[in-house]
Amino acid sequence: MKYTSIKGMSDIMPPASAAWRKLENTALTVFGSYGYKEVRTPMLEKTELFIRSIGSDTAVVEKEMYSFKDQSDDMLSLRPEGTASTVRAYIESGAYQAEAVAKYIYIGPMFRRERPQKGRYRQFHQIGVEALGIASPLIDAEQIAMCDHFFKELGLKDYSIEINSLGCKECRPGYNKIFGDFLTSKKVHLCGDCLRRIEKNPLRALDCKNPACIEAMKDAPLIGEYLCGDCKAHMSEVQKYLKELGTKFVVNQRIVRGLDYYVRTAFEFITTKLGSQNAFGAGGRYDGLVKELGGPDVSGVGFALGVERILLLMEEGGLQLKEKEALVFFALMGEPARERLVPIIDKLRQDGVYVELDYDNHSLKSQMRRADKLFAHTVVIIGDEEIKKGVAIVRNMHTKEQEEVKFDDLVRHFVRVD
RNA sequence: GUGGCUGUAGUUCAGCGGUAGAGCGCCUGACUGUGGCUCAGGAUGUCGCGGGUUCGAAUCCCGUCAGCCACCCCA
C-alpha cells in the first residue's frame, strides 16, 4: 500500500468510532455533574511551555516531543499532555479573576514519539480534568472517587487505585538526598538503567523490574517517613475523605512521577490486563505550576485517562459501548417508487428518524438482507403495485407483521407528535 | 532509543523452493416482489515494499516499512 497512516497513529473507523463517542459522552456527563466544563485548546504550543511545565530533564521533553521550527522561527511542539495547555489557557483567559475556582475537562489527542506498543501510541488520546484554585485535600479525594465512578459506570472491574504523596518543595529535597545516598551505597548491586537514574531521576529506581534492583530496594528509605508536617496532614486528609467517599485504595510509596510539576498527592489507576502498560489513568496535585507559568499562586489537581487503554480494557472484559441505532429501511423497487418516496424519506430524516434506503435498485431479497444486516426494526416496501394503490407495505422485522399505510400517513406513522 | 517475533484474499490463518488455499465475511440463486437458518454456486490477492541467490521464490538471504512483545518511558 502506498499511503498508510504513520507509525503509531491510527484511524478510528466505524464501528469503533461509535464506542469512542460514547466513551467521551459518558466522561462529559459523569465529570460534568462534578462541575467540570469542557475546554478545547490548540494541539500546538510553544515548546517552551512544555519545557517549563513538564521539566527539561524529563524523558517526555528530552526525546519524545514532536517539535519543529515554523516559518517565523518559533519553536513549536505538538502537545505531549494536556495540563500545560489547559493551565496556560486558564491564565491567558484570566479566568481566575472571574472565579476563584475553575474546573476543566478536556478530551483530545496527545503526541509522544515513543516506540509503539499495546496501549501506547504516538498519537494517543486523553480525557483529563484540572481543578484550579482548590487547596483542600477534599478535591484530591473527590477526583479519585469521581474517576472510580466513571470506570464503574463503564463496567470496568479489574483495577486498583494506588495513591502516594510525593512531598513538596520543603520536604522532597531532603528525602531525595537521603534516597540518593542510599542508592549510591547500593551502586554495586544496581543495573545499568538504575545507575543512570541516580543522575537523572533517582526515584525511578524504586520501581525497577530488575530482580537485583528489587532486592537492593527492599530496605530503601520511603518518602512517607520524611514528609513535612503539612504534607503528612494533607496525605492523611486525602485518605480520610476517600474512606468517607467509600473509595477503595492502597497506599503505594513507590509511585513516582515522570513529570516535574507534581507535588503531594499522586494517584494511579492500575490494571494487570494491559501488558506492561499498567496505568490507564493517573494524576495528582501540582500546586505551584500555575504560578510557574505566570499565573496566580493557586493550587491545581488533575488527572488524565488514556482513552485507548480504557477501550482496550473494555474489550478485554467483553464490555460493549456500541448502541444499536434503530432505523427504518426503505426497500424501493423501480424508478416510480424512488421518485414518489424520496421526498417522504427526506421529511422523515428532517424529523430525526434514521432512515436508510436502497439506491441502486437491487432485488427485494438483497434489500431485505441489507435491512437485516443494518438491524432495521421496520422495512417499508414499495414497488409498482404499491405506487398504483398509493400505499406502502410496512413490515415489522421482529414480529414479521405487515400492514399497509397510505403514503400521506407515512410520516405520521413514524414520527411521534406530542 | 535497544532486543525479539510477525507481515499471504475484507478478516483470521494454512502453505515454507516449482508461479496460491481454508473458515468466517461478501455477492448470486433455491417456482421469478420479502431478511435472519439451511443448501448450491461465485468474486476477490502486485503473498507489505525494494533488492539479491536460483533454471525457478509467497517460500532462502539482505534492506526497508508496518504491526506485535519486552526493555525504556508513560495515559
Side-chain angles (χ1 to χ4, degrees), chain A residues 1-10 13 54 58-65 79-83 107-128 147 191-194 196-197 200-201 204-205 207-210 213 255-259 267-271 274-284 302-313 329 331-334 337 358 361-387 393-402:
Chain A
M1 222 164 290
K2 192 165 181 188
Y3 298 110
T4 57
S5 70
I6 63 186
K7 193 189 184 85
M9 306 198 180
S10 41
M13 305 289 286
I54 297 168
T58 58
V60 171
V61 165
E62 274 191 340
K63 42 187 198 181
E64 294 176 358
M65 284 207 293
R79 61 180 184 197
E81 56 98 50
T83 299
I107 298 177
M110 307 294 161
F111 303 84
R112 254 122 101 158
R113 199 178 182 292
E114 302 175 271
R115 186 88 163 248
Q117 215 176 299
K118 185 179 191 180
R120 184 223 238 175
Y121 311 97
R122 291 186 171 183
Q123 174 174 334
F124 61 104
H125 299 75
Q126 290 189 329
I127 298 173
C147 214
C191 68
D193 285 325
C194 283
R196 244 173 291 122
R197 286 173 176 130
K200 278 283 175 211
N201 193 353
R204 279 275 158 221
D207 56 8
C208 182
K209 284 158 194 154
N210 185 303
C213 295
I255 287 185
V256 204
R257 276 291 108 105
L259 282 49
F267 54 90
E268 290 182 358
F269 286 76
I270 306 280
T271 175
L274 287 177
S276 62
Q277 270 64 242
N278 61 352
F280 58 99
F303 63 75
L305 312 179
V307 175
E308 286 86 350
R309 290 184 183 181
I310 293 171
L311 258 8
L312 241 25
L313 274 180
F329 190 93
L332 307 173
M333 286 168 289
D358 178 72
N361 211 23
H362 288 106
S363 71
L364 180 59
K365 187 191 262 307
S366 97
Q367 294 193 46
M368 289 301 289
R369 274 209 262 257
R370 189 154 89 94
D372 190 58
K373 207 158 36 191
L374 294 173
F375 301 111
H377 57 76
T378 306
V379 175
V380 180
I381 301 164
I382 296 112
D384 293 340
E385 280 174 44
E386 286 70 32
I387 291 295
I393 297 171
V394 175
R395 177 182 175 87
N396 180 316
M397 292 296 271
H398 304 304
T399 66
K400 299 183 179 184
E401 280 165 13
Q402 300 193 168

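A 3.5 Å limit on both hydrogen-bonding distances identifies B:rG1 as the Watson-Crick or G-U partner of B:rC71. For B:rG35, there is no paired base (Watson-Crick or G-U wobble, both distances below 3.5 Å). The partner of B:rU53, taking Watson-Crick or G-U wobble pairs whose two distances both stay under 3.5 Å, does not exist in any strand shown. For B:rG42, the paired base is B:rC26 (Watson-Crick or G-U wobble, both distances below 3.5 Å). Summarising the base pairing, B:rA20 is matched to no nucleotide, lacking a Watson-Crick or G-U wobble pair whose two defining distances lie under 3.5 Å. Remark: B:rA66 base-pairs with B:rU6; criterion is Watson-Crick or G-U wobble with both hydrogen-bond distances under 3.5 Å. Pairing for B:rU59 is absent, judged as Watson-Crick or G-U wobble with the two contacts each under 3.5 Å. Pair assignment for B:rA14 gives none, since no Watson-Crick or G-U wobble pairing has each distance under 3.5 Å.
Distances were taken from every side-chain heavy atom of A:K7 (C-beta onward) to each of B:rA75, B:rA66, B:rG33; the shortest belongs to B:rA66. The listed nucleotides are B:rU34, B:rA75, B:rC68; the one nearest the side chain of A:L259 is B:rA75. Out of B:rC72, B:rU34, B:rG35, the shortest distance to the side chain of A:D193 is found at B:rC72. Which of B:rC68, B:rA75, B:rU34 sits closest to the side chain of A:R395 comes down to B:rU34. In this structure, the nucleotide among B:rU34, B:rG33, B:rC73 sitting nearest to the side chain of A:M368 is B:rU34.
Among the atoms of the strands shown, none is found under 4.0 Å from any heavy atom of A:R196. As judged by a 4.0 angstrom heavy-atom cut-off over every strand, A:G119 is placed among the base-contacting residues. Within the 4.0 angstrom heavy-atom criterion, only backbone atoms of the sugar-phosphate kind lie near A:S366; the bases stay farther away. Using a 4.0 Å heavy-atom criterion, one finds that A:E64 contacts the sugar-phosphate atoms exclusively. When heavy atoms are screened at a 4.0 angstrom cut-off, A:Y121 is found touching base atoms of the nucleic acid. A:G192 comes within 4.0 angstrom of nothing in the nucleic acid, heavy atoms only.
Spacing of P atoms, B:rC61 relative to B:rC72, comes out at 31 Å, to the nearest Å. On the C1' atoms, B:rU8 is 14 Å away from B:rU19, given to the nearest whole Å. Nucleotides B:rU34 and B:rG48 are separated by 44 Å at their P atoms, to the nearest Å. Separation of the P atoms belonging to B:rG1 and B:rC16 is 36 Å when rounded to the nearest angstrom. Straight-line distance between the C1' atoms of B:rC60 and B:rU54: roughly 10 Å, to the nearest whole Å. If you take atom P in B:rG67 and the same atom in B:rC62, they sit 22 Å apart, rounded to whole Å. Atom name C1', nucleotides B:rG35 and B:rC27: the rounded distance is 16 Å, in whole Å. Here, B:rU28 and B:rA75 have their C1' atoms 49 Å apart, quoted to the whole Å.
The shortest heavy-atom contact between A:P109 and A:R79 is O-NE, 2.8 Å. Nearest heavy-atom pair, A:P80 versus A:I54, reported as atom, atom and distance to 0.1 Å: CG-CD1, 3.7 Å. The two residues A:A205 and A:R197 have their closest heavy-atom pair at N-CD, 3.6 Å. Listed here is the closest heavy atom pair of A:Y121 and A:Q117: CE2-O, 3.6 Å. Annotation for A:Q126 and A:G82: closest pair OE1-N, 4.1 Å, computed over non-hydrogen atoms. Between A:A331 and A:V379, the closest heavy-atom pair is CB-CG1, 4.0 Å.
Mapping A:H125 and A:R113 onto RNA chain B via the closest heavy atom, the residue that lands nearer the 5' end is A:R113. When each of A:Q126 and A:A376 is assigned the nucleotide of RNA chain B bearing its nearest heavy atom, the one mapping closer to the 5' terminus is A:A376.
Residue A:Q367 places no side-chain N or O under 4.0 Å from the OP1 or OP2 atom of B:rU34. For B:rU34, neither phosphate oxygen OP1 nor OP2 lies less than 4.0 angstrom from any side-chain nitrogen or oxygen of A:K365. Regarding contacts with the backbone of B:rU28, every side-chain N or O of A:S363 stays at 4.0 angstrom or more from both OP1 and OP2. Residue A:K373 places none of its side-chain N or O atoms closer than 4.0 Å to OP1 or OP2 of B:rG25.
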Checklist entry - What's the verdict on side chain to side chain contact (heavy atoms under 4.5 Å, CB included) for A:Q402 and A:R395, showing C-alpha distance, side-chain angles and the deciding distance? => result CA-CA 4 Å; A:Q402 300 193 168; A:R395 177 182 175 87; 2.8 Å; yes

Checklist entry - Stepwise, does the side chain to side chain contact (heavy atoms under 4.5 Å, CB included) test hold for A:R309 with A:R120? => result CA-CA 8 Å; A:R309 290 184 183 181; A:R120 184 223 238 175; 4.1 Å; yes

Checklist entry - Can you list the steps and then say if A:R113 with A:K63 is a side chain to side chain contact (heavy atoms under 4.5 Å, CB included)? => result CA-CA 8 Å; A:R113 199 178 182 292; A:K63 42 187 198 181; over 6 Å; no

Checklist entry - Which is it for A:V60 and A:E81 under the side chain to side chain contact (heavy atoms under 4.5 Å, CB included) test, yes or no, and what are the steps along the way? => result CA-CA 9 Å; A:V60 171; A:E81 56 98 50; 5.9 Å; no

Without placing hydrogens or testing angles, list every side-chain donor-acceptor pair under 3.5 Å for residues 366-375 of chain A, not counting sequence neighbours.
unit_1 : atom_1 : unit_2 : atom_2 : d
A:S366 : OG     : A:S363 : O      : 3.4
A:Q367 : OE1    : A:L332 : N      : 3.0
A:Q367 : NE2    : A:L332 : O      : 3.0
A:Q367 : NE2    : A:H362 : O      : 2.9
A:R370 : NH2    : A:L357 : O      : 2.7

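Put simply, the side chain of A:E114 never gets that close to the backbone of A:E64: no donor and acceptor are under 3.5 Å apart. The backbone N or O of A:S10 sits nowhere less than 3.5 Å from a side-chain atom of A:Q123 that would complete a donor-acceptor pair. The closest donor-acceptor contact from the side chain of A:R122 to the backbone of A:M9 lies at 3.5 Å or more, if one exists at all.
Within 3.5 Å, a donor on the side chain of A:E386 pairs with an acceptor on the base of B:rG33, or the reverse. With hydrogens and angles left out, the side chain of A:Q402 and the base of B:rU34 share a donor-acceptor pair within 3.5 Å. Scanning atom types as modelled, no donor and acceptor separated by under 3.5 angstrom connect the side chain of A:R115 and the base of B:rG67. At a cut-off of 3.5 angstrom, the base of B:rG35 holds no donor-acceptor pair with the side chain of A:R370.
Put simply, A:F124 rests on the base of B:rA75: the two rings are less than 5.5 Å apart at their centres and nearly parallel, under 30°.
Rounded to an integer number of Å, the gap from CD of A:E401 to P of B:rG35 is 17 Å. If you take CD1 of A:I127 and P of B:rA75, they are 15 Å apart, rounded to a whole angstrom. The distance between atom CG of A:L312 and atom P of B:rA75, rounded to the nearest whole Å, is 17 Å.
Remark: A:A304, A:G306, A:R309 in residues 302-310 of chain A come within less than 4.0 Å of RNA chain B through at least one heavy atom.
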Checklist outcome for this item: In B/S/- notation (B base, S sugar-phosphate only, - none; protein heavy atoms under 4.0 Å), nucleotides 38-44 of chain B written 5' to 3' is -------

